[in-house]
Amino acid sequence: MKYFLLTLTLFTTLLAYSQNTGTLVGKLTDTEYNDEPLPFANILIKGTTKGTTSDMDGLYSIENIEPGTYTIVFSFVGYQSQEVEATIIAGKVTEINLAMSASAASLDEVVITTTTKRESEVALLLDQKKAIEIKQSIGAEELSRKGVSDAAGAVAKISGVSKQEGSSNVYVRGLGDRYLNTTMNGLALPSNDVNKKNIDLNLFSSDIIENVSISKAYSSNFYGDFSAGNVNVTSKNYKGNGYFEAFIGSGFNTNAIGKDFVKSEGTGYFGDYARYNHNPFAVILSHGIDPESVETPLNVSFGASGGKSFDFKNGSRLSLFATASFENGYEYREGTNQDYTLVEKKAYIDSAEEYEYATTTTAMANVNYRIDDKNSLKYNSLYINSSSDVVGYFGVDGKGRNRDGIASTDEGFYQMNVQFDQTQMFVNQLLGEHTSGKLKLDWGFGYNNVFSKQPDRKRISLENYQFALDNDPTTNPIFYNNVDYDNQRYFQNIEDEEYNGIANLAYEVSEKLKLNLGYNGRSKTRDFDNIRYGYRIVDTDYAVTDVNNFNNIFNLDNLNINENSNGIYEITVINNIPGQPNTNRPGLPENTYNGKLDIYAGYVNAEIKAGEKWLFVPGVRLESVEQRIAYDVINLGNNGKNEIGFYDNFFLPSLNIKYALNDEQNIRFSGSQTISIPEFKEVAPFVYENISTRIGGNPDLLEKGVSKILNFDLKYEWFFSKSEIFSVGLFTKEINDPVNLVVVGDATGTQRYVRTGDKATVYGVEVEVRKDILKDENDNSTLSVGFNATYMETNQDLYEQIDGTFDLSFDKDEDELQGASPLLLNADISYSPTFNNYKPVANLVFSYFSDRIDALGSGQLGNIVEKSVPTLDFIWKNTIKDNFEINFSVKNLLNPTIKYVREATLGDVVVNSANGTGVSDYKRGMNLGLQLKYKF
């Protein structure tokens, strides 16, 4: 009875108190994003400690306010603070709805630009919650916190995603490059590599990224070539009064710092090469082979960014943003290089080493013109220059073996490979948004150019290299000269040009129904050519007295011009100019191909709300695909010149369903049919030869045109606070006519892309948790953890026999899918206390993928397997006051071994990946870095 009386007394007291106080409520909207709700803005009663934040729907409420007139302060990071007077009346509810916009901050206010709405983890969780399809995103705020420097590292932190060490390959749910699409601001991007479908995500530095998202479930607005997902990079922009910031950093790799580093002759510090416009034959005659020494191999990075908005009297706004940065890195790798199929062909056991100097230069500018609240235009221009300069020495201990050796098959084989790759990419985009009543039009047009070049790769092969190590001047190595091209200079060029566009017209019929009618298309062309010149050694017993000075041999004085010149060598080319000899003369390209891909599609979908909980998004896409490729290659003899192609139309249905259990929890389902289109590099039978690997395309892929894929997803997600989430998802895929990278049945061990069976299946489960362990008085996290894991099983049936351009067979009926890791893990711990003006953030970031097939073996050959890799990074960010940062990082703390093996009867044999580096069974070393950043 006493508890009842106590409860009654408390209730009566509260009721009486509420009659003497008032309540303030309202909704905040974001004018920068078409009046969407603005979550997590601050609302404070000026002069008091009373306040709150808006929820995920932009709603707020402050109760038990004493009657009177108050000034209410509304603020959001990067947006204009507003003060509004409100009169609170006892027993009444006062409502203030407010639209907030960026800029117009006072000149003496520090404008923070790195935690704006579309970059913060909280905002992206909200976007994930409201999205009509299953997707996950990582924004600039999280990238900065975790020390992620590029988009490839960004997506590797998302559940179900892993990155291949030593290359740019990204795998989503066990499906690799051929099953992914990459876009920027929703517009298609070209590839920068002849051996890749997608652009290298390493090229997108975090300086230009607002967020990176992966949509794993298909929706009709995506291209039909969708299997694993669509990666979309949203570029940064700025809206505000103005800012400028600059940074500089340095560091080193623990493997590289103590080495006498070398790089290619003729390449610049910033990753440039000035001889592109010269005929390759002229380059050979005028420039040597030997690499150059490098001073202390210290990594350097620097850059700056700035932006400013201009507001006009008619309410329009012009916003400008620009950023530019440069970074380089030195890496030394020491391990094994081995070519092994059923038997050993070539082996450098623990005697292969590579020196790599890599650079990335990025510049981006955008102009955002907001005509009014209903119309805006945006122009975005991006330039990226990336380079990789690798000097490799193989067989440095004198014990290198070559089964085809002439002087010896058991020892003394040695090769030097000096290789520079440069890619220049230009992306230009014009985008617009227009709203009129219930209609909204979003459109975009893009034009892209990619120039990817491998100029003047130099390769030298020696026998009896052990004599270079014996300090006996009477014994010396000799050139390996089985064919003219064992010693060679190689030149390769790729140019991609692409036009693409998108348009989506949305009509909001009612609060319960929204229709989308859209179009997107792309027209892409690729031109490829390569040429190589061989050094034919006239005297097969010529003694190489100095293995560090090949320039003393391969110069004009030693060129054997005619029978009477007594020169040491001749220069040969395979494809001579008509009427000219193939010796000591310029030649024509050895291999060429020209590819064209046209995709035009229209789609329609509907967003149907049934009650307060159900959202149905049925859609259908009609897509027309035409692909043609003309090639002229030498490795197929009389069949090496041909033109092939296919044309087809596809009807692609999709259905996305979201059921809101409550305000915090969703259940999602997705089902769709998609396709997978062969890529130029998969079809063109050109073969690229590395030291111990060969990889090429297969024209038979176009016989069936595309692979058809069924996709199903079921996901539960619980957003139990503004920054916390728990989710679990199930997914399955059925891939008809799957394509895998396979070692085909020929003596060279060449890897090619092959339709290996009728069907492949993928089954998996994903779990993600983000949890705040400690919070401060403002409800901001000071200690948080994040974890995501994916477990999956893949299976594909294999044909017993494949007859075609390249014949092969399998001695097993089924196998796992190439590229699929059964287990993927990502985890991080973040600690961010505040000590007055000192705001450090410490992060430990961990990732892991289990063993996966890198290439299938055919016949009696075992698979090539990429062994599991765990990585651990430590990032320590130190904000001193509000405008100065000192950041420290140690990457790759565990320093795991990167290894590929061939599964053989007698056990695993270390080999190399055609998609990896020239060294296997190596450690990358730790990368230590220090960065200074200042905001003006």
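Keep in mind it's a predicted model, so treat the numbers as computed, not measured.
Closest heavy-atom contact between L28 and A41: CD1-CB, 3.6 Å. S387 approaches F420 most closely through the heavy-atom pair CB-CE1, 3.7 Å. Contact between T71 and E85 at its shortest, heavy atoms only, is OG1-CG, 4.3 Å. Of all the heavy atoms in T234 and N232, the pair that sits closest is OG1-ND2, 3.4 Å. When all heavy atoms of N448 and A188 are compared, the pair lying nearest together is ND2-O, 3.1 Å. The minimum heavy-atom distance between W443 and L430, with the atom names listed, is CZ3-O, 3.6 Å.
Note: Y269 and F326 meet the aromatic proximity criterion, with ring centroids under 6.0 Å apart. Aromatic ring centres of F445 and Y447 lie farther apart than the 6.0 Å criterion allows. Within the 6.0 Å centre-distance limit, the rings of F261 and Y330 are counted as a close aromatic pair.
From T323, atom OG1 reaches atom CD of E245 across 8.0 Å, with rounding to the nearest 0.5 Å. Taken from CG in N895 to CG in L872, the straight-line distance is 11.5 Å, to the nearest 0.5 Å. In this structure, I371 CD1 and N314 CG are separated by 10.0 Å, a value rounded to the nearest 0.5 Å. Atom CG of N255 sits about 7.5 Å away from atom CD of E331, to the nearest 0.5 Å. Interatomic distance, CG of L44 versus CD1 of I62, reported as 7.5 Å (0.5 Å rounding). Taken to the nearest 0.5 Å, the CE atom of M926 stands 10.0 Å off from the CG atom of L894.
The shortest side-chain heavy-atom distance between V367 and N380 does not fall under the 4.5 Å cut-off. Annotation: side chain of T183 is in contact with side chain of N230 (closest heavy-atom distance under 4.5 Å). Under the 4.5 Å side-chain criterion, counting only non-hydrogen atoms from C-beta, I257 is in contact with T296. Y934 places none of its side-chain heavy atoms less than 4.5 Å from the side chain of L932. Using a 4.5 Å heavy-atom cutoff, the side chains of L382 and M184 are in contact. Side-chain contact between L783 and I829: present, with at least one pair of heavy atoms (C-beta onward) separated by less than 4.5 Å. With contacts defined as side-chain heavy-atom distances shorter than 4.5 Å, the pair V785/D828 does not qualify. Counting heavy atoms from C-beta on, the side chains of N328 and N299 come closer than 4.5 Å.
Using a distance-only test at 3.5 Å, with no hydrogens or angles considered, no donor-acceptor pair links the side chain of T359 to the main chain of S386. Formation of a donor-acceptor pair under 3.5 Å by the N42 side chain with backbone atoms of T53 is not found in this model. Without hydrogens or angle criteria, N375 side chain to H434 main chain gives no donor-acceptor distance under 3.5 Å. In this structure, N366 contributes its side chain and Q429 its backbone to no donor-acceptor pair below 3.5 Å. A donor-acceptor pair under 3.5 Å is absent between the side-chain atoms of N185 and the main chain of L187, judged by distance alone. Of the possible donor and acceptor atoms, none in the side chain of E327 sits under 3.5 Å from a partner among the backbone N and O of T360. A distance-only check finds a donor-acceptor pair linking the side chain of Q82 to the backbone of A99 [under 3.5 Å]. For the pair S381 (side chain) and A365 (backbone), a donor-acceptor distance under 3.5 Å is absent. Between the side chain of N97 and the backbone N or O of K27 there is at least one donor-acceptor pair closer than 3.5 Å.
For the pairing with N843, the side chain to side chain donor-acceptor pair (under 3.5 Å) check across S830, S784, S889 returns one residue only, S830. A side-chain contact (heavy atoms from CB on, under 4.5 Å) with N892 holds for exactly one of L928, T871, N253, T254; it is T871.
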Open item on the list: Run V845 and F874 through side-chain contact (heavy atoms from CB on, under 4.5 Å) and show every step you take.
Closed with: CA-CA 7 Å; V845 182; F874 172 72; over 6 Å; no

Task: side-chain contact (heavy atoms from CB on, under 4.5 Å) assessment of Y276 paired with K453 - done: CA-CA 9 Å; Y276 284 133; K453 302 185 180 184; 3.2 Å; yes

- [ ] Could you please spell out the steps behind the side-chain contact (heavy atoms from CB on, under 4.5 Å) verdict for R317 and Y369?
- [x] CA-CA 6 Å; R317 177 191 297 132; Y369 181 49; over 6 Å; no

TODO: Under the side-chain contact (heavy atoms from CB on, under 4.5 Å) rule, what do Q422 and N385 come out as? Steps first, then yes or no, please.
DONE: CA-CA 7 Å; Q422 182 181 4; N385 180 83; 2.6 Å; yes

TODO: May I have the step-by-step check of salt bridge (charged side-chain N to carboxylate O under 4.0 Å, His left out) for D873 and K891, ending in yes or no?
DONE: CA-CA 4 Å; D873 299 335; K891 304 288 187 69; 5.1 Å; no

- [ ] Please lay out, stage by stage, how E724 and R770 fare under the test salt bridge (charged side-chain N to carboxylate O under 4.0 Å, His left out).
- [x] CA-CA 5 Å; E724 298 173 308; R770 296 192 205 178; over 6 Å; no

- [ ] Using the salt bridge (charged side-chain N to carboxylate O under 4.0 Å, His left out) rule, take E292 and K263 through it: C-alpha gap first, then chi angles, then the decisive distance, then the call.
- [x] CA-CA 5 Å; E292 296 179 331; K263 61 189 286 286; 5.2 Å; no

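In this model, no donor atom of one side chain and acceptor atom of the other lie less than 3.5 Å apart for S81 and S75. Side chains of N788 and E768: a donor-acceptor N/O pair is absent below 3.5 angstrom, by distance only. Under 3.5 Å, the side chains of E356 and S388 contain a donor-acceptor pair of N or O atoms. Side-chain contact check for S305 and Y243: at least one donor-acceptor pair (N or O, by modelled atom type) lies under 3.5 Å. In the model, D389 has a side-chain atom that pairs as donor or acceptor with a side-chain atom of T267 under 3.5 Å. S452 and T423 are linked by a side-chain donor-acceptor pair at a separation below 3.5 angstrom, with hydrogens and angles left out of the test. A side-chain N or O of N428 and one of Y379 form a donor-acceptor pair less than 3.5 Å apart.
When the shell of 6.0 Å around NZ of K50 is examined, it contains more than 12 heavy atoms from other residues, nucleotides or ligands. Crowding of W876 atom CH2: a count of heavy atoms from other residues, nucleotides or ligands under 6.0 Å not exceeding 12.
Taking the six-membered ring for Trp and thresholds of 30 and 60 degrees, F936 and F244 have ring planes inclined between 30 and 60 degrees apart.
Annotation: cation-pi geometry not satisfied between K935 and F884 (NZ/CZ under 6.0 angstrom from ring centroid, within 45° of ring axis). For the pair K308 and F310, the cation sits on the ring face: its NZ or CZ lies under 6.0 Å from the ring centre, inside 45° of the axis.
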